[in-house]
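Notes follow once the structure below has been shown.
Hydrogens, waters and symmetry mates play no part in the numbers below; they use all other heavy atoms, side chains included. Remember, it's 1-based here, ligands and their atoms both numbered in the order they're listed.
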Amino acid sequence: MARACRVIPGGVNSPVRAFRAVGGTPRFVQRAAGAYFWDADGERFTDYIGSWGPMILGHGHPAVLEAVEKAARDGFSYGAPTEREIALAEEVIKLVPSVEMLRLVSSGTEAGMSAIRLARGATGRDQIIKFEGCYHGHADSLLVKGGSGLATFGHPSSAGVPEDLVAHTLVAEYNNVQELEALFQQHGKRIACVIMEPIAGNMNFVRASVEFTRRCRELCTQHGALLIYDEVMTGFRVALGGAQSVYARSIPGFEPDISMFGKVIGGGMPMAAFGGKRTVMEQLAPLGPVYQAGTLSGNPIATACGLATLREIQQPGFFEDLTRKTHRLVDGLMAQATKAGVPFSADSEGGMFGYFFLPELPRNYGQVAHTDMARFNRFYHGMLQRHVYLAPGLYEANFMSAAHSDADIDTTLAAAGEVLRAL
Ligand SMILES: *Cc1c(COP(=O)(O)O)cnc(C)c1O
């Protein structure tokens with residue numbers, strides 16, 4: 001870490017890896033296989049972050065490895081179209097009915113930036129609504145925090161972002177229907193889009209309520225704004241059809257206008273995408289006036305990795321088994337916490353889960369922030385000492401993979417029991 005800090009700011013290439021939230025020194029990973037990774041000291045950890053979601057099959061799945069090796073031999077990048085890009089778009093369109101056309105990019109950040117430009121271009125409007133605690137990548141206009149009190153125009157949440165660049169971003173509380181209605185009432189005709197995480201994984205794990213989801217859709221339709229679902233984390237992770245398919249069970253016909261994907265879609269390679277209704281997507285260059293491009297977009301190795309991953313997760317029973325294991329872990333954690341007399345709540349969908357040292361599940365960022373941080377960090381380090389690698393921060397989600405066995409879950413639960421009793 002000391003060597004890293006001399007040449008890389010904070011020693012890491014993405015801030016959360018530095019362990020600032022939980023304290024201590026991050027583990028440097030040497031290699032990974034299945035449900036485990038080994039650090040530079042040769043210690044083995046059970047991995048519940050899986051690269052923050054992409055490794056849904058576990059590390060080094062044979063079918064994915066084979067696809068990547070074969071693709072690598074055929075060349076790393078061409079800057080010209082390939083058949084696998086078509087196959088990947090076809091696969092996503094098959095799995096997510098709201099998507100009629102898709103464009104590939106290289107990161108979730110790019111997907112978010114492009115989706116918003118597209119929404120603005122397609123509607124001819126400038127303002128956007130985002131929710132406090134949702135993360136959509138680090139594009140300038142999305143690095144905002146709300147003012148105090150009622151929903152309002154945001155202020156930059158990062159240095160280096162001019163006030164002018166967030167002047168069109170309205171920030172509202174997640175799951176707050178009244179606030180959203182008030183925003184639309186005041187600004188309706190100027191709002192290009194609402195962008196949201198349908199299950200927010202960047203404030204641990206917070207579901208949008210069915211009522212909130214329904215009103216987001218209705219208000220957008222009513223005011224001619226587009227609804228953008230950021231499924232970078234939830235896509236192909238909480239269900240084959242993403243979080244939108246989960247909400248469609250309660251709200252018949254429910255669909256967003258634009259969806260963003262990342263993480264699982266690349267299977268661990270730098271790939272992401274955004275897609276949606278044909279009429280909207282046709283606004284993109286070279287067909288339409290909205291410019292968007294990328295030298296490595298649709299990279300042949302990334303598409304091979306993503307396609308192989310998407311094919312594996314469609315095996316019969318894949319999500320049933322993944323969901324069963326996640327439930328087993330989450331239910332087990334709750335039982336251990338109850339036994340230890342520790343206030344605790346947890347939730348999950350498919351292969352994504354979150355837990356809180358709160359008696360009830362939070363519904364928005366402010367409630368998540370009420371968690372006893374010291375207790376969270378003691379739990380985190382207790383688990384790390386026992387070789388269980390959970391997300392190093394209160395605002396992060398956790399992930400199950402197909403490679404985790406019931407024995408791995410038992411070991412994790414035994415460790416959690418010890419740590420919770422000592423809290
Ligand atoms: C990870 C994430 C992003 C950003 O993706 P990057 O590939 O890290 O740029 C955007 N939105 C959500 C919901 C995410 O979880």
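Atom 7 (O) of ligand 1 has as its closest protein heavy atom G108 N, 2.8 Å. The protein heavy-atom contact nearest to atom 3 (C) of ligand 1 is V232 CG1, 3.7 Å.
Taking the six-membered ring for Trp and the full ring otherwise, F28 and F37 have centroids separated by 6.0 Å or more. Between H370 and F356, the gap from one ring centroid to the other reaches at least 6.0 Å. Taking the centre of each ring, Y174 and F212 come in below the 6.0 Å mark.
Each of the atoms 12 (C), 13 (C), 14 (C), 15 (O) of ligand 1 lies under 4.0 Å from some heavy atom of N202. The atoms of ligand 1 that sit less than 4.0 Å from any heavy atom of S107 are 7 (O), 9 (O). Atoms of ligand 1 found under 4.0 Å from any heavy atom of M233 (numbered from 1 in listed order, with element): 15 (O).
Side-chain atoms of Q244 never come within 3.5 Å of backbone atoms of F254 as a donor-acceptor pair (strictly under, hydrogens ignored).
Neither the backbone nor the side chain of T234 has any atom closer than 4.0 Å to an atom of ligand 1 (non-hydrogen atoms only).
In this model, no donor atom of one side chain and acceptor atom of the other lie less than 3.5 Å apart for T221 and E218.
For the ligand labelled ligand 1, residue G262 lies outside the 4.0 Å heavy-atom shell. Not a single heavy atom of M260 sits closer than 4.0 Å to an atom of ligand 1.
Between Y355 and F357, the ring planes are perpendicular. Angles over 60° get that label, and only those under 30° would be called parallel. In this structure, F261 and F236 have tilted ring planes: the angle between them lies in the 30° to 60° band. Note on ring orientation: taking the six-membered ring where Trp is involved, the planes of F45 and H387 are tilted (angle from 30° to 60°).
The closest heavy-atom contact to atom 14 (C) of ligand 1, among the options E110, E197, K263, comes from K263. Between atom 13 (C) of ligand 1 and the options V105, T109, D230, L142, the minimum heavy-atom separation is to D230.
Considering both main-chain and side-chain atoms, Y135 comes within under 3.5 Å of ligand 1 through a nitrogen or oxygen pair.
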